[in-house]
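First the structure, in the form of structure tokens, and then the observations on it.
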There are 2 protein chains.
Amino acid sequence: MRMTARGAATRLRLVSGAALLMREQGAAETNLDQVLRATATSKSQLFHYFPDGRAGLLVAVSAYEAEQVMEAQRPYVDDLSTPESWRAWRRAVLRHYAELGERCPLGVLTSELGSSSPEARQVVSDLYDRWEGALIAGVQALIVHGTARSDLPVRDTARSILTAVQGGVVMLRATGRLSYLETTLDTTLEPLLGTP
Amino acid sequence: MRMTARGAATRLRLVSGAALLMREQGAAETNLDQVLRATATSKSQLFHYFPDGRAGLLVAVSAYEAEQVMEAQRPYVDDLSTPESWRAWRRAVLRHYAELGERCPLGVLTSELGSSSPEARQVVSDLYDRWEGALIAGVQALIVHGTARSDLPVRDTARSILTAVQGGVVMLRATGRLSYLETTLDTTLEPLLGTP
DNA sequence: TGAGCACTGGACCGTGGCGTCCAGTCCCGC
DNA sequence: GCGGGACTGGACGCCACGGTCCAGTGCTCA
């Protein structure tokens with residue numbers, strides 16, 4: 001689809017506006033009219049940019065939110081080669097979820113958007129792959145660096161960390177408490193960084 | 001509401017039937033007509049037992065599924081006083097999720113039902129409290145038993161285990177792989193049971 | 001500058017799905 | 001065995017919400 005700068009801006013306004021609404025009140029509770037009102041657009045514009053309607057919008061929101069999840073961990077997640085960068089990463093993650101609380105992109109991605117369509121599911125699963133890849137590289141680097149024991153199972157360790165974040169976010173959404181994420185992250189990172 | 005045996009059976013048929021449908025296809029994708037067809041009941045029966053309609057049914061399903069989550073861990077979760085019972089508990093949990101896969105009560109509880117209404121949210125949060133309580137008692141017992149170090153933070157350890165299960169289930173639902181749960185559970189239980 | 005297509009506005013439509021109503025049946029307690 | 005309330009059946013109403021249509025407007029590029 002050819003698009004002018006103005007068109008691209010409208011499209012982005014729709015996606016980011018929809019994403020925000022869905023974070024705050026859930027995807028299922030967000031209807032198209034709300035999105036249109038919040039973004040000052042009309043129905044025909046929405047269907048112009050998303051011929052598949054709501055379904056297409058959900059996929060775009062998924063991709064947008066997946067990007068936000070990675071963005072929140074930058075720049076650290078891109079280079080987890082030292083204990084310092086791991087610690088900085090941990091701080092960044094905790095800060096992000098402390099700020100957003102239950103209204104985080106990851107929460108709505110895993111619990112709602114991911115199961116809305118095969119395409120959205122693919123987006124979520126791609127996110128996990130990228131994320132796991134970054135963590136694997138980081139664990140590997142710490143072994144080379146000598147901080148972590150060389151017999152550490154690299155992939156399993158990375159997956160544990162990913163799982164810890166997921167679990168922490170679920171509990172955050174359910175209880176409003178950040179402590180689950182903090183504690184579990186500490187436990188899981190211990191073999192990598194030692195007791196802080 | 002007064003109820004005869006027959007009425008109670010009808011009510012239970014509605015709740016358990018709805019729960020099954022919602023596990024398999026999600027709560028949002030399950031409408032009342034499907035529930036009625038699956039349970040061989042009629043709309044007036046449903047509204048007879050659930051005057052609040054769909055909302056009330058969702059709360060009842062939440063309570064039912066919360067009970068299923070605990071039931072799946074029985075009898076071990078009620079007495080985690082020895083390393084053997086902890087190991088048996090771990091096996092029971094893994095077997096349960098290996099069997100049900102993505103169609104587990106916990107998954108639909110956390111991702112859909114829990115946010116459907118304040119009442120349902122309360123049910124979910126009560127479940128977590130009960131669960132955490134059982135784990136705390138178990139960790140405490142292992143310390144008394146001498147298996148676990150006495151300086152282990154009891155509540156934090158219990159919460160880590162709970163978070164590990166949650167994270168593992170999220171990843172199971174997203175990827176279909178049980179390994180996340182297995183690995184993370186091992187890591188988290190290590191300070192309690194040592195390397196198996 | 002003007003032709004054509006991207007872009008916009010908003011009225012309109014169909015329907016899936018929740019909830020209501022009422023008439024009839026069955027069972028429990030006296 | 002009989003009165004009343006628990007229980008059942010299914011037709012009906014209503015409306016929120018996703019999606020369509022078409023008539024304009026204004027940018028872009030030759």
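The chains referred to below are lettered A, B, ... by the order of the sequence lines, with proteins before strands, and numbering in each begins at 1.
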Just checking, any donor-acceptor pair under 3.5 angstrom between side chains of B/Gln166 and B/Thr163?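 Note: B/Gln166 and B/Thr163 side chains miss the donor-acceptor criterion.
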Is the closest side-chain donor-acceptor distance between A/Ser179 and A/Glu182 under 3.5 Å?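 A/Glu182 and A/Ser179 do not have a side-chain donor-acceptor pair below 3.5 Å.
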Protein-nucleotide distance ([X], atom [atom1]; [N], atom [atom2]), rounded to Å:
| X | N | atom1 | atom2 | answer |
| --- | --- | --- | --- | --- |
| B/Leu14 | D/dC7 | CG | C1' | 13 Å |
| A/Leu36 | C/dA11 | CG | C1' | 14 Å |
| A/Arg11 | C/dT8 | CZ | C1' | 17 Å |
| A/Asn31 | D/dC17 | CG | P | 5 Å |
| A/Phe47 | C/dA11 | CZ | C1' | 15 Å |
| B/Leu46 | C/dG17 | CG | C1' | 13 Å |
| B/Phe50 | C/dG19 | CZ | P | 13 Å |
| B/Glu29 | D/dG18 | CD | P | 14 Å |

From C/dC21, C/dG10, D/dT20, pick the nucleotide closest to the side chain of A/Ser42?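 Output: C/dG10.
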The side chain of A/His48 lies closest to which of these nucleotides: D/dG18, C/dC7, C/dC18?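 In terms of side-chain proximity for A/His48, the closest of D/dG18, C/dC7, C/dC18 is C/dC7.
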Above 12 or not: heavy atoms from other molecules or residues under 6.0 Å from CZ of A/Arg74?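 Correct, the count exceeds 12.
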Does the side chain of B/Glu29 come within less than 4.5 Å of A/Ser115's, by heavy atoms?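 Of all side-chain heavy-atom pairs linking B/Glu29 with A/Ser115, none is under 4.5 Å.
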Is any side-chain N or O of [X] closer than 4.0 Å to OP1 or OP2 of [N]?
| X | N | answer |
| --- | --- | --- |
| A/Thr10 | C/dC7 | no |
| A/Tyr49 | C/dA6 | no |
| A/Ser44 | C/dC7 | no |
| A/Gln45 | C/dT8 | yes |

Taking the six-membered ring for Trp, are A/Tyr128 and A/Trp131 parallel (under 30°), tilted (30 to 60°) or perpendicular (over 60°)?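 Tilted: the ring planes of A/Tyr128 and A/Trp131 meet at 30° to 60°.
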Closest-nucleotide ordering on DNA chain D, the 5'-leading residue of B/Ala8 and B/Lys43: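 In this pair, the answer is B/Ala8.
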